[in-house]
Amino acid sequence: MPSGSWPFAVVEAGFRRLARLRRAPALHPHGLMCTAEVEVVDGGGGRWGAAWLDTPGRYTATVRLSRAAGLPRRLPDGLGMAVRVARAGGPDRPLDLLLTSSGRGRVMRHVPLPRADALGGPYSSLLAYRVGGRPRVLAAFPRRSGRGPVHGDPRSLRTALAAGPLVFDLRAGAPDGSWRAFAVLTVRTALPDPQDETPDYDVYLHDADGFTPGGTLAAARRAAYRGSRAGRREGSR
């Protein structure tokens, strides 16, 4: 084993074991799959340097909303939002985004925050992407639209979606703390979600030109994704 690679092997083995035992993703094992759409908007500020953001348009998408540890629904938990945008990277090339409940300030946008209310604050990529060659943290900011608290468990989310779509403003955060909108995500309809058919979201396999995850901790995250995918395959045998 090359020098320096053993920590990543440990990460991969740990995620593989956990996913095999759960027969589901190592983290956020239970969630709700939903139909959605992403509309690219002009948030001002000139071109992004990423093809899919520099031309306003509408994309079909799927979204998985989940809780990290599966705690009782009234308790705060790490809330996850996985988004797959069809054809954002080109024909037959989807784009994946993985976001986690977080704060919104220059520091707290990098910190996962447990939350009970699925609409109680933003969901962040935590680590910076490279958007047109510039570091940008991505986040989804919910629009409350007069709604009360929505618990993040699948049953509560399904009930909320039956009353109407959940809408999020997608923004990119610059190092100076400012945010710039780039799209609107509308989550529309809950789908049946057998656990053995949950998609493998992977931001490294599914990116777009000019819109890629940054290098910070990339090796550790890739190892975690590999381990989780392998463990799910083994657990389903």
Side-chain angles (χ1 to χ4, degrees), residues 34-65 79-110 118-147 150 160-161 164-189 199 201-216:
C34 311
T35 64
E37 64 184 29
V38 172
E39 182 179 5
V40 175
V41 299
D42 182 0
R47 295 179 64 82
W48 289 94
W52 84 284
L53 296 184
D54 286 330
T55 304
R58 193 183 300 268
Y59 297 84
T60 59
T62 53
V63 171
R64 184 175 188 264
L65 300 170
L79 303 184
M81 175 187 293
V83 184
R84 175 161 294 173
V85 187
R87 302 189 307 280
D92 300 319
R93 188 179 172 190
L95 170 71
D96 285 353
L97 301 175
L98 294 177
L99 309 175
T100 300
S101 54
S102 70
R104 67 181 64 207
R106 291 179 62 182
V107 174
M108 296 307 293
R109 68 179 65 178
H110 299 285
L119 303 181
Y123 295 72
S124 166
S125 61
L126 302 182
L127 302 177
Y129 270 59
R130 301 295 295 181
V131 180
R134 296 176 293 274
R136 295 291 185 267
V137 173
L138 309 180
F141 288 78
R143 298 181 185 178
R144 292 222 73 111
S145 302
R147 290 177 181 263
V150 176
L161 286 168
L166 303 179
V167 181
F168 299 82
D169 293 302
L170 300 183
R171 303 174 186 169
D176 66 3
S178 62
W179 292 100
R180 178 184 171 190
F182 65 87
V184 176
L185 169 67
T186 303
V187 183
R188 294 199 176 278
T189 306
Y201 291 91
D202 189 326
V203 296
Y204 297 100
L205 287 177
H206 302 135
D207 60 5
D209 294 338
F211 194 93
T212 59
T216 306

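Since the structure is predicted, the reported quantities are computational estimates derived from the model, not experimental observations.
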### Query
Got a second to check how far C34's SG is from R188's CZ, nearest 0.5 Å?
12.0 Å
### Task
Taking all heavy atoms of W52 and all of L95, pick out the closest pair and write down the distance.
CZ2-CD2, 3.4 Å
### Query
If you measure from CG on L98 to CG on L126, what distance do you get to the nearest 0.5 Å?
10.0 Å
### Task
Write out all pairs satisfying salt bridge (charged side-chain N to carboxylate O under 4.0 Å, His left out) with one or both partners inside residues 203-215, taking only residues at least two apart or from two chains.
R93-D207, R93-D209
### Point-to-point distance, once rounded to the nearest 0.5 Å, from CG of D42 to CZ of R180
7.0 Å
#### Entry: Pairwise salt bridge (charged side-chain N to carboxylate O under 4.0 Å, His left out) hits with a residue in residues 123-142, at least two apart
none
### Message
Applying side-chain contact (heavy atoms from CB on, under 4.5 Å) to L185 and M81, what does each step give before you reach the verdict?
### Response
CA-CA 11 Å; L185 169 67; M81 175 187 293; 3.8 Å; yes
### Message
Once side-chain hydrogen bond (donor to acceptor under 3.5 Å, both in side chains) is applied, do any residues pair with D92, and if so which ones, sequence neighbours excluded?
### Response
none
### Query
Do the numbers put R87 on top of the ring of Y59, so that NZ or CZ is under 6.0 Å from the six-membered ring centre and no more than 45° off the axis?
no
### Task
Could you walk me through whether S124 and L99 pass side-chain contact (heavy atoms from CB on, under 4.5 Å), step by step?
CA-CA 5 Å; S124 166; L99 309 175; 5.9 Å; no
### Task
Kindly write out the residues that satisfy side-chain hydrogen bond (donor to acceptor under 3.5 Å, both in side chains) with R147, not counting sequence neighbours, or none if the list is empty.
none
### Query
With sequence neighbours left out, what residues match F182 under ring pair (Phe, Tyr, Trp, His ring centres under 6.0 Å)?
none
#### Entry: From CG (L170) to CD (E39), nearest 0.5 Å
11.0 Å
### Intermediate values then yes/no, side-chain contact (heavy atoms from CB on, under 4.5 Å), L119 and F168
CA-CA 9 Å; L119 303 181; F168 299 82; 4.1 Å; yes
### Query
Would a 4.5 Å heavy-atom cut-off, applied to side chains only, mark V184 and V167 as touching?
yes
### Query
Of Y201, Y123, Y129, which meets side chain to side chain contact (heavy atoms under 4.5 Å, CB included) against L97?
Y129
#### Entry: W48: partners by ring pair (Phe, Tyr, Trp, His ring centres under 6.0 Å), with sequence neighbours left out
none
